[in-house]
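Ligands are counted one by one from 1 in listed order, and the atoms in each one are counted from 1 as well. Just so it is clear, the structure is predicted and the values come from calculations on it, not from any experiment. Count residues from 1 along the sequence.
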Amino acid sequence: MSIFIDSANLIQIKTALELGWVQGITTNPLLLAQSDLELKALFVALRKLNDGPIFYQLTSNSFESSIAEAHQTLELLEKQLVIKLPPTDLGFRLCSELSSRIPCCPTAIYSPAQALVAREAGAQYLAVYVNRATRLMGDGLKLIEDIAAILKDSQTKLLAASLKSPDEATLAFLAGAHHLTLPYSTLMDMSRHPLSDEAVKQFETEGVGLVQRD
Ligand code: G3P
């Protein structure tokens with residue numbers, strides 16, 4: 001299981017990676033559009049911060065230009081590249097074509113049928129939009145459960161995305177997600193609990209240890 005940060009904001013990404021338990025970075029075209037950095041400079045910076053997977057979504061709209069974009073991105077990100085693909089006829093065709101050479105992740109998945117197709121197309125990951133599915137269709141966690149059953153014993157791993165709270169992230173994992181990608185605020189909230197804060201405060205104010213606290 002890995003937890004990734006879903007962001008293209010360098011400050012957020014640096015803070016998240018410094019936590020020590022975040023294993024990589026997922027991006028999408030909308031997140032990249034918010035970055036102040038030019039894309040190649042951003043990739044260089046991300047590789048300096050992190051040696052785990054970096055997910056990049058192809059934006060070309062033809063087969064040939066998408067293959068060229070995939071190779072261009074591979075030159076920049078090398079072994080760290082995971083290619084995200086929209087769940088369109090073109091996206092799944094590209095997944096079939098590329099997944100034996102570059103890990104692929106069909107994204108914005110809303111149905112078990114799309115998961116079956118991704119599995120057949122050799123995807124290494126599959127990004128399911130949990131919170132959006134709950135908001136738009138009723139039950140994103142049931143969708144995770146169904147897709148996890150479809151992907152059982154396959155090489156395709158379920159990446160739960162669009163997660164808005166630590167509870168939702170945890171429930172997605174319990175429902176069968178293999179990996180989670182979290183926006184910065186949810187990620188930072190994962191390790192926090194008000195009762196833990198109280199306990200820590202008491203350790204600090206009433207406890208003693210080998211060294212004097214600053
Ligand atoms: O990568 C973005 C995906 O996680 C969707 O998130 O917050 O737009 O529903 P959101």
**Q** Going by the angle between their ring planes, with limits at 30° and 60°, are His179 and Tyr125 parallel, tilted or perpendicular?
**A** tilted
**Q** Considering only distance and modelled atom types, tabulate donor-acceptor pairs under 3.5 Å from the side chains of residues 164-173, sequence neighbours left out.
**A**
unit_1: Ser165; atom_1: OG; unit_2: Glu168; atom_2: N; d: 3.0
unit_1: Glu168; atom_1: OE1; unit_2: Asn131; atom_2: ND2; d: 3.1
unit_1: Glu168; atom_1: OE1; unit_2: Lys164; atom_2: N; d: 2.8
unit_1: Glu168; atom_1: OE2; unit_2: Asn131; atom_2: ND2; d: 3.1
unit_1: Thr170; atom_1: OG1; unit_2: Pro166; atom_2: O; d: 2.6

**Q** State whether Asp146 and Lys142 are salt-bridged, where the test is any N-O pair (Lys NZ or Arg NE/NH1/NH2 against Asp/Glu carboxylate O) under 4.0 Å.
**A** yes
**Q** Output, or 'none' if empty, a list of ligand 1-protein atom pairs in which both atoms are N or O and the distance is under 3.5 Å, rounded to 0.1 Å.
**A**
unit_1: ligand 1; atom_1: 1 (O); unit_2: Asp6; atom_2: OD1; d: 3.2
unit_1: ligand 1; atom_1: 1 (O); unit_2: Asp6; atom_2: OD2; d: 2.8
unit_1: ligand 1; atom_1: 1 (O); unit_2: Asn28; atom_2: ND2; d: 2.8
unit_1: ligand 1; atom_1: 4 (O); unit_2: Asp6; atom_2: OD2; d: 2.9
unit_1: ligand 1; atom_1: 4 (O); unit_2: Ser162; atom_2: N; d: 3.0
unit_1: ligand 1; atom_1: 7 (O); unit_2: Lys164; atom_2: NZ; d: 2.2
unit_1: ligand 1; atom_1: 8 (O); unit_2: Arg132; atom_2: NE; d: 3.4
unit_1: ligand 1; atom_1: 8 (O); unit_2: Arg132; atom_2: NH2; d: 2.7
unit_1: ligand 1; atom_1: 9 (O); unit_2: Arg132; atom_2: NE; d: 2.8
unit_1: ligand 1; atom_1: 9 (O); unit_2: Ser162; atom_2: OG; d: 2.7

**Q** Starting at OG1 of Thr156, measure out to CG of Leu151 and round the result to the nearest 0.5 Å.
**A** 5.5 Å
**Q** Which residue pairs pass the side-chain hydrogen bond (donor to acceptor under 3.5 Å, both in side chains) test when at least one of the two sits in residues 100-121, sequence neighbours left out?
**A** His71-Arg101, Glu97-Arg101
**Q** Throw together a table of side-chain donor-acceptor distances under 3.5 angstrom for residues 17-24, partners on residues two or more places apart or in other chains.
**A**
unit_1: Glu18; atom_1: OE2; unit_2: Lys14; atom_2: NZ; d: 2.8

